[in-house]
Amino acid sequence: MASNSSGGGSSDRQGIAQQRLRIIAGHLRGPVDGDSTILAAECKAQGSNTDVSSEGKTVPRRRQEIMKWNGWGYSDSRFLFNKKGQAEFTGKRYRLSGMIIPGLKDWFEGTFGANLQHKTPPTPLLTNTAVPPATLNEAFVEEVKSTGIPFSHDAEDRVFRAHGHCLHEIFALREGKIGRVPDMVVWPSCHNDVVKIVQLACKHNVCLMPYGGGTSVSSALECPPEETRSIVSLDTSQMNRILWIDEKNLTAHVEAGIVGQDLERLLNESGYCTGHEPDSMEFSSLGGWVATRASGMKKNIYGNIEDLVVHIKMVTPQGVIEKSCQGPRMSTGPDIHHFIMGSEGTLGVVTEVTMKIRPMPEYQKYGSVVFPNFEQGVACLREVAKQRCAPASIRLMDNEQFKFGHALKPQVSSIFTSFLDGLKKFYITKFKGFDPNHLCVATLLFEGNREKVLQHEKQVYDIAAKFGGLAAGEDNGQRGYMLTFVIAYLRDLGMDYYVIGESFETSVPWDRVLDICRNVKARIIRECKDKGVQFPPLSTCRVTQTYDAGACVYFYFAFNYRGLSDPVHVYEQVEHAAREEILANGGSLSHHHGVGKLRKEWMRDTISNVGMGMLKSVKDYVDPNNIFGNRNLL
Amino acid sequence: MTDTYKDSGRAGLEDVDEFVDILEERRRSSDLGYAFRTFNPQPYKGAPSCSTADLNKAVLESQYLSYMAKEIAMETGSSVEEVREEVCGILEEMSQNLQLGFIRMMAYTLSKVFKRLFTSILVNMEGLNMLQQAVQESPVILMPNHRSYMDFLAISYILFTYDIPVPVIAAGIPLAGMKMVGEILRRSGAFFIRRAIGSDKLYWAVLSEYVKTIVRRGFAPVEFYVEGLRSRTLKSLLPKLGMMHMVLEPFFKGEVYDITLVPISISYDRVLEESLLAHELLGVPKPKESTTGLLKATKVLQENYGSMHVNFGRPLSVRQLCHGKINRCQFNLVPRDLPQQPSAEAQACVSWLAHLMVRIQEEGLLISPWSLMACMLLQAPTTVLTEEGLLWHQLTEKTLWLRKLALDFGARLNWPGQVPDSDVISSTVALHCSVVQRKAGRVYLVQENEPLRKCPISPEDGVIRMAAPLLMLASYRNQSMHVFVRPAMLATAIRVTESTQRDELFSFFCFLQDVFSNEFIFIPGKSPQDFEEACVLLKKCGAVNFSQQEVMVLDAGSEVLSFLQALLQPFIDSYQVMFRYLCEEGVHVLSEKQFLPAVRNLATELILSGELCTYEALSSDMQKNVLSALRRLEAVTKLRASEQNEYRVNKAAVRRIGDILSRKIPPQMLQTTPDARL
């Protein structure tokens with residue numbers, strides 16, 4: 001995963017040994033405050049830095065300084081086709097950085113019918129004249145100024161917070177088209193700052209939209225065009241400290257603006273982790289996870305966000321909501337955390353969260369299994385779930401994704417490696433008789449102590465063997481996970497060459513997994529044809545999580561839009577149809593992306609009239625004046 | 001929605017010249033070589049062929065059947081093993097055993113038989129090409145109409161000829177009972193379904209799982225007759241919905257992406273079983289299907305039966321057809337393997353689709369000159385046909401007039417183009433010499449002569465003897481009824497109501513549809529469109545003019561209107577006779593067994609007294625339809641406790657329907673319940 005691979009070239013085993021050493025050293029040194037196991041920090045005053053870890057944080061106030069304003073991720077990291085027509089990944093941050101990916105061009109051209117001659121470069125710079133002028137609520141601005149909380153109404157700052165990463169949002173930015181954007185950005189640096197801002201917003205009837213990592217893919221960050229009040233984007237990125245770590249109860253109290261990679265890195269320094277690793281963890285924030293009911297890749301060991309959270313503090317227009325104790329489970333009526341989790345910024349701002357932490361795993365091992373076809377692969381995952389022996393992560397890619405993953409293999413340095421690859425390929429396709437157009441691969445990640453990992457690994461491979469699965473090495477497994485974080489960068493590359501696409505997810509009972517995969521993929525292909533897409537689309541899926549009663553399925557869909565006058569509209573129509581197909585096949589509206597504004601229309605059918613009424617009445621009580629007016633969810 | 005499909009269903013098949021005679025090749029080259037040629041069809045997604053054993057195993061081990069077995073064991077108090085054994089028994093009785101060797105044998109034999117019986121077997125190539133494509137894309141359901149035993153393997157024969165996977169075919173269990181033949185059919189892909197399954201839960205369960213498994217696997221098309229039975233009257237029958245539910249369920253539940261329905265219209269110039277059918281309708285029991293019976297019937301092989309047309313309709317996507325008609329989310333909350341009562345929405349959707357398919361079958365039929373002549377012959381008084389004879393030139397003239405009307409109404413005619421019309425008519429009459437004869441410029445009905453009988457025939461027997469050829473004629477007329485029935489109902493409404501007001505005509509039109517929807521196929525909920533169509537067609541042939549409010553009869557339209565009224569009259573008269581019987585007799589409860597002969601006697605009496613002009617009231621088919629219609633209209637109720645189909649008659653309600661039909665009282669909304677035949 002991202003955090004691991006950003007470590008650079010050291011092998012896993014070495015890396016883990018080093019981490020282990022660090023943990024031990026940490027224990028020897030003892031905590032900062034003498035014999036206390038609790039590390040505490042007060043709300044920092046402007047400019048001072050007294051939190052647990054003093055290392056530099058990833059997210060600056062002016063995010064555009066290190067991140068793309070019209071694409072995914074860091075400005076220095078991107079895919080491009082070099083002068084020789086070879087794909088390479090720039091920068092130094094990732095394992096793939098600086099590498100040539102020889103297979104990508106052929107795959108790209110072959111899959112999409114794209115051509116490197118046909119480019120669609122983005123508008124390079126944001127023209128400030130394209131940004132609508134800010135409607136400021138002067139009284140509000142004055143009072144914010146007096147609190148000393150930093151704010152801005154600079155066009156770049158505002159545009160950056162006007163979008164998530166839905167295709168239509170990024171496409172519009174690339175074209176230089178800017179719609180309604182927040183009128184002002186504020187950067188609170190602690191809970192009390194947020195309390196002040198919310199009070200002022202209520203007082204002056206200003207619309208607040210909480211902004212965490214900005215990785216939403218549900219149109220949740222889009223400003224409602226009908227909003228006439230001044231819209232203030234509340235950027236939580238400066239609330240990014242671990243306030244204390246409780247080693248006796250294994251919990252950490254963290255400010256909600258911290259992004260995933262910082263949280264893990266800082267905890268790792270103390271020998272801990274949360275184990276919560278959503279694919280977006282480099283950029284997404286703790287508050288965002290809570291607000292959307294996020295799910296992490298390693299949920300099989302650590303649980304999803306709802307399992308990880310012990311205590312939440314949220315500031316609402318009615319005041320602060322929180323529980324009075326940190327009991328691990330309570331029977332005190334409906335769990336108020338469940339009003340907060342998934343509220344998508346409609347009720348308030350999550351400011352602080354107490355989360356479970358775990359000692360860092362001693363040992364990690366990747367793995368992969370090749371199956372003769374997707375059906376067998378799903379059957380294997382189902383069996384693994386049935387026996388409740390799923391590794392930290394187990395993901396099954398279909399044949400198209402297997403090929404895609406293959407195309408992303410970096411240039412191999414030695415003839416020996418390529419010879420081995422050839423041999424492996426020969427063994428699987430010729431000797432074992434797997435059809436290269438049907439086989440699919442499951443990637444695995446084991447974690448724990450070494451002995452248990454090896455034992456666990458054997459158990460899983462034994463089950464896989466029953467379904468015709470062949471172990472296919474650690475390398476393939478690791479590359480599979482690498483795909484997870486570079487895929488978002490790849491979309492930007494596609495958009496340079498007339499290819500647009502996106503992923504969406506669902507959760508579905510086990511017995512419907514195969515049917516939903518087949519039907520949704522077929523629907524995408526059919527809809528593209530009907531909507532006049534000139535080239536066959538990429539329509540592929542993978543099973544990314546297993547549960548006792550079902551699985552999470554991801555669909556990837558991309559196509560070459562040459563010849564279409566309104567490609568985004570076509571894209572949206574196809575995605576809409578695909579979602580209808582998902583629902584008709586017994587899939588859920590969302591497993592972890594949330595509803596936002598993109599999927600609102602299906603909420604009533606999803607949770608029933610009464611369910612809608614319940615949520616509405618909560619909203620009406622908590623936020624009667626719709627201060628948190630992003631209009632998500634309901 | 002429907003209309004667009006009807007139109008597009010037609011569009012590709014407009015060109016009648018596309019038909020190719022597949023026997024021509026057979027007459028030129030070796031049948032043996034043909035039967036043994038390489039057969040390499042491309043099934044759905046290259047689905048691997050599925051052996052009988054695999055298929056039966058999959059069915060047997062399905063979660064659905066194990067659940068049902070447990071449930072039934074619990075209900076009946078027997079052990080699960082016993083129930084499972086019963087399941088095995090049912091499966092064994094049911095299952096097909098498709099084998100290429102037998103297909104080849106069948107291909108060889110049928111080549112011989114077909115060449116002897118038919119001048120030509122004409123198949124539309126475009127339809128076949130589309131089918132070939134469709135078979136590779138999703139599971140295909142072949143839905144032919146059923147007019148003759150000859151239908152049975154004809155489709156398989158054609159598909160074999162054109163390298164398309166041969167279907168597995170739903171057949172009635174009596175066929176399985178025939179020595180040898182049953183086994184041959186089984187190996188040619190037939191699977192056998194019991195008649196009158198009724199409430200046998202276990203049987204339903206096995207059958208539906210069997211059918212659904214075949215659809216899900218998609219290794220071969222499924223062929224079944226949506227009409228359920230062979231039509232005795234050559235008229236389309238109301239669709240049966242049981243099989244339709246089974247084949248559609250895999251789509252509703254998302255187990256397949258789509259299912260393709262292919263309506264197939266088979267038309268015969270002359271039906272092999274014509275006389276058999278007429279006698280069956282008159283109450284002479286149908287001979288039991290047996291191999292010896294089949295051999296005895298070989299004498300029918302001596303005669304010529306003209307041409308057979310097989311028209312493969314445009315493949316229809318169930319996904320597209322059902323769009324907006326069914327919310328598939330309704331299956332989300334119960335495991336799909338468990339039995340689930342279909343919702344009202346699902347039932348309505350399936351019923352609509354089944355009716356639509358029958359309508360498309362009808363539209364794909366080719367109307368023969370003989371069917372047009374039958375319409376005309378039946379409008380002549382019986383005495384003219386039997387004694388005086390109908391003038392030849394008069395028949396020719398009227399038939400040609402009707403040809404024009406049929407073309408105006410959009411019918412597909414099978415009228416040879418290069419031959420003078422008079423030759424067409426005389427060769428048609430020659431082909432049907434079992435029904436009519438031409439003598440000295442006149443046409444006479446052929447009456448059965450039974451020389452063995454010595455004693456003089458009673459008048460009642462005379463009626464029955466006369467009835468046989470008349471019912472045959474009626475059946476051939478029925479082949480084109482679907483072309484005329486909507487305008488005919490409007491024409492009747494115009495005459496009966498004597499009104500020009502559109503709403504008044506429409507309400508009577510709807511009433512007629514209500515009463516006669518067991519006779520003719522109307523798509524549920526489509527009355528306004530049917531009415532509109534009737535208006536447009538009558539306007540097109542110059543009979544009426546219409547506006548938003550009014551339908552005005554034109555002077556030039558009297559011939560068309562009186563022809564159309566007369567076309568529907570036998571149905572109205574016959575229904576009235578039966579209503580009259582039900583109202584007059586002292587009985588309040590009657591069984592079907594009593595009803596049929598009693599009505600036949602009454603009708604015979606009325607025919608002898610000259611009060612009733614049509615012999616069609618003697619047809620058991622129409623008699624049963626009246627009962628069904630009255631049940632549907634809730635004028636007759638079936639007694640639940642009764643074992644032998646006993647009915648209670650609500651005389652007032654029956655009388656009211658009769659009175660509306662004869663315009664003694666205006667039509668009010670008749671209480672109809674949605675069809676729930678499963």
Side-chain angles (χ1 to χ4, degrees), chain A residues 372-376 378-379 382 399 433 435 437-438 506-531 539 541 549-550 553 555 573 576-589 599 601-608 611, chain B residues 4 8 44-48 50 58 61-64 66-67 133-134 136-139 209 212-213 215-218 248-260 315-338 340 343 345-346 349:
Chain A
N373 55 47
F374 192 65
E375 288 77 9
Q376 295 281 74
V378 170
R382 204 278 163 268
N399 183 258
D435 180 346
N437 289 316
H438 284 126
T506 186
S507 57
V508 64
W510 276 116
D511 70 315
R512 291 172 177 269
V513 170
L514 280 178
D515 291 328
I516 208 170
C517 290
R518 179 194 53 239
N519 292 349
V520 173
K521 289 198 284 185
R523 178 77 180 263
I524 288 172
I525 291 169
R526 173 56 54 98
E527 294 285 337
C528 280
K529 208 172 165 188
D530 292 352
K531 305 279 178 299
S539 172
C541 71
V553 179
F555 294 95
Q573 284 180 310
H576 189 272
R579 182 58 62 181
E580 300 252 275
E581 191 64 30
I582 286 172
L583 298 175
N585 282 273
S588 64
L589 189 53
R599 285 176 276 274
E601 64 179 288
W602 292 289
M603 265 303 268
R604 188 171 292 277
D605 286 344
T606 301
I607 63 168
S608 81
Chain B
T4 57
S8 64
Y44 160 55
K45 281 192 179 165
C50 177
E61 287 172 359
S62 67
Q63 199 184 340
Y64 173 65
S66 26
Y67 178 89
Q133 198 60 42
Q136 295 168 36
E137 281 165 12
S138 39
E209 186 60 28
K212 285 186 278 185
T213 308
V215 174
R216 284 191 288 247
R217 298 248 169 149
L248 293 178
E249 203 183 281
F251 167 72
F252 290 163
K253 292 192 170 175
E255 293 166 322
V256 293
Y257 178 70
D258 198 358
I259 289 173
T260 304
L316 298 170
S317 150
V318 171
R319 177 176 276 270
Q320 280 175 31
L321 287 169
C322 293
H323 184 77
K325 285 200 169 353
I326 189 155
N327 176 5
R328 289 182 289 149
C329 293
Q330 64 187 281
F331 302 101
N332 285 354
L333 292 179
V334 178
R336 293 176 297 171
D337 295 326
L338 298 194
Q340 208 178 341
S343 64
E345 184 197 40
C349 176

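Numbers restart at 1 for each chain; the letters A, B, ... are given by sequence-line order, proteins then strands.
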* To do: For A/Cys517 and A/Phe555, work out which heavy atoms get closest and say how close.
  => CA-CE2, 3.9 Å
* Asked: For B/Val215 and B/Pro250, which heavy atoms make the closest approach, and how far apart are they?
  -> CG1-CG, 3.9 Å
* To do: Could you check if a side-chain atom of B/Cys322 sits within less than 4.5 angstrom of a side-chain atom of B/Phe252, using non-hydrogen atoms only?
  => yes
* Working to the nearest 0.5 Å, report the span between SG of B/Cys329 and CG of A/Leu583. => 5.5 Å
Hey, what donor-acceptor pairs show up under 3.5 Å between chain B and chain A?
residue, atom, partner, partner atom, Å
B/Gly254, O, A/Arg518, NH2, 3.4
B/Gly254, O, A/Asn519, ND2, 2.8
B/Glu255, O, A/Arg518, NH2, 2.5
B/Tyr257, N, A/Asn519, OD1, 3.4
B/Arg319, NH1, A/Glu581, OE1, 2.7
B/Arg319, NH2, A/Glu581, OE1, 3.3
B/Arg319, NH2, A/Glu581, OE2, 2.7
B/Arg328, NH1, A/Glu581, OE2, 3.4
B/Arg328, NH2, A/Glu581, OE1, 3.0
B/Arg328, NH2, A/Glu581, OE2, 3.4
B/Phe331, O, A/Arg512, NH2, 2.7
B/Asn332, OD1, A/Gly586, N, 3.2
B/Asn332, ND2, A/Leu583, O, 3.1
B/Arg336, NH1, A/Asp515, OD2, 2.8
B/Arg336, NH2, A/Asp511, O, 2.7
B/Arg336, NH2, A/Asp515, OD2, 2.9

